[in-house]
Trainee: 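Here's a structure for you.
One is the number of the first residue; the rest follow in order along the sequence.
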Amino acid sequence: AHKAGENAWFTPRVLNRLPEKNKGTSFLNIEKWCYIIAMILCVACWGGLFLSGYFNVITVRSLIYITGLSIGTIVLTVQSIRTAFLS
């Protein structure tokens, strides 16, 4: 519950009826936009790899790229879902 100050007009009864403050709404909006931008970048990277014929020859470099992009996409997806359910 809210704590009453020195003002006689604000009793604990009045303060308990006040709605809770929204904390961190701007941070959640920024976080959601960052996830949206990151998802668009992931889709663009996967599309670029598929359209460039990068998978025709598998090298160590291509395995590193594919592994990194796969891990990044999975982490981004999990974090995006977590954020969507928290708000």
Side-chain angles (χ1 to χ4, degrees):
H2 301 282
K3 294 184 180 180
E6 298 296 324
N7 194 340
W9 288 98
F10 293 104
T11 64
R13 183 175 164 194
V14 172
L15 287 173
N16 286 335
R17 291 185 181 189
L18 292 174
E20 291 292 327
K21 291 182 179 179
N22 290 335
K23 296 180 182 177
T25 30
S26 62
F27 176 73
L28 286 176
N29 287 336
I30 293 171
E31 189 177 15
K32 287 178 185 177
W33 279 107
C34 288
Y35 285 136
I36 290 170
I37 292 169
M39 281 292 200
I40 292 170
L41 289 175
C42 273
V43 169
C45 287
W46 280 111
L49 282 177
F50 280 117
L51 293 177
S52 69
Y54 196 74
F55 296 110
N56 292 341
V57 177
I58 297 178
T59 62
V60 175
R61 180 186 286 179
S62 65
L63 289 176
I64 291 172
Y65 287 163
I66 294 167
T67 304
L69 191 55
S70 298
I71 291 171
T73 303
I74 291 169
V75 169
L76 180 65
T77 304
V78 169
Q79 290 297 325
S80 299
I81 292 170
R82 181 192 60 84
T83 301
F85 283 121
L86 284 180
S87 58

Trainee: Specify the closest pair of heavy atoms between Leu76 and Tyr35, including all atoms of both residues, with the distance to one decimal.
Mentor: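 For Leu76 and Tyr35, the tightest heavy-atom pair comes out as CD1-CD2, 3.4 Å.
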Trainee: Who passes side-chain contact (heavy atoms from CB on, under 4.5 Å) against Val75, sequence neighbours left out?
Mentor: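 Result, side-chain contact (heavy atoms from CB on, under 4.5 Å) vs Val75: Ile71, Gln79.
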Trainee: Shared ILVMFWY cluster between Leu51 and Val43, side chains joined below 4.5 angstrom?
Mentor: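 Each belongs to a different hydrophobic cluster.
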Trainee: Heavy-atom count check: over 12 atoms from other residues, nucleotides or ligands less than 6.0 Å from Leu63 CG?
Mentor: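 Yes, enclosed.
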Trainee: So which atom in Trp46 and which in Ile66 form the shortest heavy-atom distance, rounded to 0.1 Å?
Mentor: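 Looking at all heavy atoms of both residues, the shortest contact is CH2-O, 4.2 Å.
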Trainee: In chain order, what residues pass the side-chain contact (heavy atoms from CB on, under 4.5 Å) check against Thr59, with sequence neighbours excluded?
Mentor: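 Partners of Thr59 by the side-chain contact (heavy atoms from CB on, under 4.5 Å) criterion, ordered by chain and then number, come out as Val57, Arg61, Ser62.
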Trainee: What pairs with Leu41 under side-chain contact (heavy atoms from CB on, under 4.5 Å), at least two apart in sequence or on another chain?
Mentor: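 Once residues adjacent in sequence are excluded, the partners of Leu41 under the side-chain contact (heavy atoms from CB on, under 4.5 Å) criterion are Ile37.
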